[in-house]
Structure formats: C-alpha cells, structure tokens
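A quick write-up on the structure given underneath.
The model shown is predicted, which means the values in this text are computed figures rather than measured ones. Just so it is clear, the values below take in all heavy atoms, side chains as well, and ignore hydrogens, waters and symmetry mates.
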Amino acid sequence: SPFVHRLTRARDNYYENIGSLVLIVLVAFALGRVETLNGLAYVFLGARGGQSCVHLLSVSNVAVSLRAVFYFAQIGIQIYWVVRLLCALP
C-alpha cells in the first residue's frame with residue numbers, strides 16, 4: 001500500500017540521518033559541552049517529528065516542500081551545534 005511505502009521511506013530517512021546527530025551528541029558529551037545542545041534540542045526534535053509526520057501524510061508538492069523545510073531546519077541546527085562545539089575548543 002502507498003502508506004506502508006511512505007512509512008518505510010520515513011523510517012529509512014530517519015536511519016540515514018541519525019548518524020550525524022549521534023556524532024554531535026557524543027562529541028558534546030566528550031567535550032563536557034552538552035549544554036550547547038540544550039537550547040535547540042526540542043526544536044530539532046520537532047523538526048524531525050514534523051518531517052516524519054508530513055512524510056506519512058502526503059506526497060503532494062506542498063508536503064514535499066514542507067518536509068524540505070523541516071529537513072533543512074535540522075541541518076541548520078546541526079551546523080550551528082558543530083560551530084558552537086568547535087568554537088569551544090581550547
């Protein structure tokens with residue numbers, strides 16, 4: 001069914017993108033700078049959840065565009081976190 005296909009794609013998308021998040025969190029822990037992630041963690045999770053929900057609900061052009069907004073919000077937050085973590089290095 002189309003829904004099962006979208007569900008599989010949403011799951012696969014999650015697994016494709018989890019690696020960078022895990023790496024950032026591990027580096028933050030290793031540097032003792034977990035607080036760097038706190039401010040945007042819920043925004044990141046909301047964008048991740050929003051992307052998955054939209055992926056499941058529709059494949060229309062509007063939905064694809066909205067998924068892209070959620071995706072690039074996540075990428076932007078991760079870039080911000082990496083810069084903040086790199087700036088914290090001695």
Side-chain angles (χ1 to χ4, degrees):
S1 84
F3 179 77
V4 172
H5 178 70
R6 289 194 308 270
L7 180 64
T8 301
R9 296 274 303 151
R11 182 208 59 203
D12 292 347
N13 180 264
Y14 172 79
Y15 287 132
E16 290 167 358
N17 295 302
I18 192 69
S20 59
L21 176 63
V22 169
L23 182 62
I24 291 168
V25 171
L26 289 175
V27 168
F29 270 103
L31 295 175
R33 301 275 305 170
V34 178
E35 71 280 355
T36 302
L37 311 179
N38 290 346
L40 291 173
Y42 287 118
V43 176
F44 182 90
L45 289 174
R48 177 69 250 165
Q51 181 185 0
S52 293
C53 288
V54 171
H55 201 126
L56 295 175
L57 295 175
S58 178
V59 292
S60 71
N61 288 338
V62 172
V64 171
S65 296
L66 186 56
R67 270 190 6 232
V69 168
F70 285 133
Y71 174 75
F72 286 114
Q74 294 167 72
I75 297 301
I77 291 169
Q78 288 184 3
I79 290 169
Y80 174 77
W81 283 339
V82 168
V83 170
R84 292 282 313 271
L85 289 169
L86 287 174
C87 290
L89 292 176

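- Distance check, rounded to the nearest 0.5 Å: CZ of Arg67 to CZ of Phe72 gives 11.5 Å.
- Between atom CD1 of residue Ile18 and atom CG of residue Leu23 there is a gap of 11.5 Å, rounded to the nearest 0.5 Å.
- When all heavy atoms are compared, the tightest approach of Ser52 to Ala10 is O-CB, 4.5 Å.
- A pairwise comparison of heavy atoms in Leu37 and Ala28 identifies CD1-CB, 3.8 Å as the closest pair.
- Gln78 and Ser20 make their closest contact through OE1-OG, 2.9 Å (heavy atoms, listed as atom of the first residue, atom of the second, distance).
- Both Tyr80 and Val43 belong to a single network of hydrophobic side chains, linked directly or stepwise wherever heavy atoms of I, L, V, M, F, W or Y lie under 4.5 Å apart.
- Atom-to-atom distance recorded for Leu56:CG and His5:NE2 is 12.0 Å, nearest 0.5 angstrom.
- In this structure, the side chains of Tyr14 and Gln51 stay at 4.5 Å or more apart for every pair of heavy atoms.
- Taking hydrophobic clusters as Ile, Leu, Val, Met, Phe, Trp and Tyr residues chained together by side-chain heavy-atom distances below 4.5 Å, Leu86 shares a cluster with Val22.
- Rounding to the nearest 0.5 Å gives a distance of 9.0 Å between CG of Leu40 and CZ of Arg84.
- Rounding to the nearest 0.5 Å places CG of Asn61 at 12.5 Å from CG of Leu66.
- Both Val34 and Leu31 belong to a single network of hydrophobic side chains, linked directly or stepwise wherever heavy atoms of I, L, V, M, F, W or Y lie under 4.5 Å apart.
- The distance from the CZ atom of Arg9 to the CZ atom of Arg6 is 12.0 Å, given to the nearest 0.5 Å.
- The neighbour count for Phe70 CZ, taken as heavy atoms of other residues, nucleotides or ligands under 6.0 Å away, is above 12.
- Side-chain polar atoms of Tyr15 and Arg11 form no donor-acceptor pair below 3.5 angstrom.
- When hydrophobic clusters are built by joining Ile, Leu, Val, Met, Phe, Trp and Tyr residues whose side-chain heavy atoms come closer than 4.5 Å, directly or via intermediates, Val27 is grouped together with Phe44.
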Test side chain to side chain contact (heavy atoms under 4.5 Å, CB included) applied to Leu21 and Gln74, step by step: CA-CA 9 Å; Leu21 176 63; Gln74 294 167 72; over 6 Å; no

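- When the side chains of ILVMFWY residues are joined at heavy-atom separations under 4.5 Å, either directly or via intervening members, Ile79 and Ile77 end up in two distinct hydrophobic clusters.
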Side chain to side chain contact (heavy atoms under 4.5 Å, CB included) assessment of Ser65 paired with Val69: CA-CA 6 Å; Ser65 296; Val69 168; 5.8 Å; no

